[in-house]
J.: 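Have a look at this one.
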Amino acid sequence: MFFPEDASFWKTLSQEEKIHVLLLQEACIQEDNPTFVNRLHELKEINRIVNNKLGTYREVGECTKSEIFEDAIEIEAAIAKVHLDIAKAKKIGKKGLQAFLFLNRRDRDNLSRIKKYAYNCQVAVK
């Protein structure tokens, strides 16, 4: 772990994201909608980017807190955009719409929390 003092913060976010995955899976099962499923591929691509970044951090063996926070903000913003775009498309049922609106609110909340935590840690982010 690069910055053990931040472990609790990242662990909390990670646990929340696992709940979001369960919500997405449930909505996907109930929707059975090709548009919905296709947009989920965008989220899988974002997940691949996250995993690549984590791998890069491990390989390089060093990174700054600023880099980590900036990456987290960029990724969370991308996820929020996908969630909102899916909700706006209105090609999904009520259950899916509710799920994506909820997730978009949570994404925006996470963005705010990440920025606030970075500020409290005196980490400069763009």
J.: What is the distance from atom OH of Tyr117 to atom CH2 of Trp10, rounded to the nearest 0.5 Å?
T.: 8.5 Å

J.: Provide the closest heavy-atom pair for Ser66 versus Ala124 in the form atom of the first, atom of the second, distance.
T.: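 Ser66 and Ala124 have their closest heavy atoms at OG-O, 2.8 Å.
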
J.: Are the charged groups of Glu76 and Arg113 less than 4.0 angstrom apart, N to O?
T.: no

J.: Using 0.5 Å steps for rounding, measure from the SG atom of Cys121 to the CZ atom of Phe9.
T.: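 The SG atom of Cys121 sits 8.0 Å away from the CZ atom of Phe9.
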
J.: Quick check for you: to the nearest 0.5 Å, what is the distance between Asn120 atom CG and Lys115 atom NZ?
T.: 14.5 Å

J.: Salt bridge check, Asp107 against Lys81: does any charged N sit closer than 4.0 Å to a carboxylate O?
T.: no

J.: Can you hop from Val82 to Leu84 via hydrophobic side chains spaced under 4.5 Å?
T.: no

J.: Looking at every heavy atom in both Glu70 and Val125, which two are closest together, and how far apart are they?
T.: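 Glu70 and Val125 have their closest heavy atoms at OE2-CA, 3.7 Å.
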
J.: To the closest 0.5 Å, what do you measure between CD1 (Ile114) and CG (Asp71)?
T.: 10.5 Å

J.: For atom CD of Gln15, is the number of surrounding heavy atoms from other residues, nucleotides or ligands below 6.0 Å larger than 12?
T.: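 Enclosed: over 12 neighbouring heavy atoms sit under 6.0 Å from CD of Gln15.
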
J.: Treating Glu16 as the side-chain partner and Leu13 as the backbone partner, does any N or O pair qualify as donor plus acceptor under 3.5 Å?
T.: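 Judged by distance alone, no pair lies under 3.5 Å.
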
J.: Asn104 side chain to His83 main-chain N or O, any donor-acceptor pair under 3.5 Å?
T.: no

J.: Rounded to the nearest 0.5 Å, how far does CD1 of Ile79 lie from CZ of Arg106?
T.: 13.0 Å

J.: Can you tell me how far apart CG (Asn110) and CD1 (Ile75) are? Round to the nearest 0.5 Å.
T.: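 Reported to 0.5 Å precision, the distance equals 12.5 Å.
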
